[in-house]
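Computed from a predicted model, the values in this text were never measured in an experiment. Position 1 is the first residue of the sequence; numbering continues from there.
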Amino acid sequence: MRSGQWFVSSIGILAVIGLVSLLLNHPFSLLRTLFSIVIVTAIFVFAFRFFLTRGTDRAKLKDQKAFLKAAKKSKRRLKQRLATTHSSSTHSSKPRKKTLHKKSNVKLTVIEGKKTKEKSSNVLSSIFLLYCGY
């Protein structure tokens, strides 16, 4: 092992020994210390997220407002288009026929292969499975 690994291992062993002795001698002190560590970490995480995402939330909010404005405009345009087509068309108009899709002229060919080999291997595997009791 390298000297760095020895150093990290010895620090870890000393930490475990310290935690065990603290747990045996003062168990509530250990719980209070762990609780305070959790609280302080949670405060830092929430503060970091608040200050880090605050600037990006504004940009997202601006994009969202622009999207909603464009969606409203599109709905109005669609309503106007539908209103003009309904007013100009008569009620006795013929129903539209569906457009028929032409079939493609692709010709498929069969590629010859070693079909007998596959069949024989399938037969052998099924015989093996029956023999083994599966």
- prompt: Which heavy atom in G18 sits nearest to a heavy atom in S21, and how many Å separate them?
  reply: O-OG, 2.9 Å
- line: Under a side-chain separation threshold of 4.5 Å, the hydrophobic residues clustered together with F28 are L31
field: From R77 atom CZ to L82 atom CG, the distance as rounded to the nearest 0.5 Å
entry: 12.5 Å
query: How is the hydrophobic cluster of V38 composed, in terms of its other members, when Ile, Leu, Val, Met, Phe, Trp and Tyr link through side-chain heavy atoms under 4.5 Å apart, directly or indirectly?
result: none
Enumerate, atom names and distances included, each donor-acceptor pair closer than 3.5 Å involving a side-chain atom of residues 65-74, sequence neighbours excluded.
none

Side-chain donor-acceptor pairs under 3.5 Å in residues 39-48, sequence neighbours left out?
| unit_1 | atom_1 | unit_2 | atom_2 | d |
| --- | --- | --- | --- | --- |
| T41 | OG1 | I37 | O | 2.7 |

- prompt: Hydrophobic clusters join Ile, Leu, Val, Met, Phe, Trp and Tyr when side-chain heavy atoms are under 4.5 Å apart, directly or via other members; which others share one with L23?
  reply: L19, L22, L30, L34
Residues that, via side-chain heavy atoms closer than 4.5 angstrom, fall in one hydrophobic cluster with F7: I11
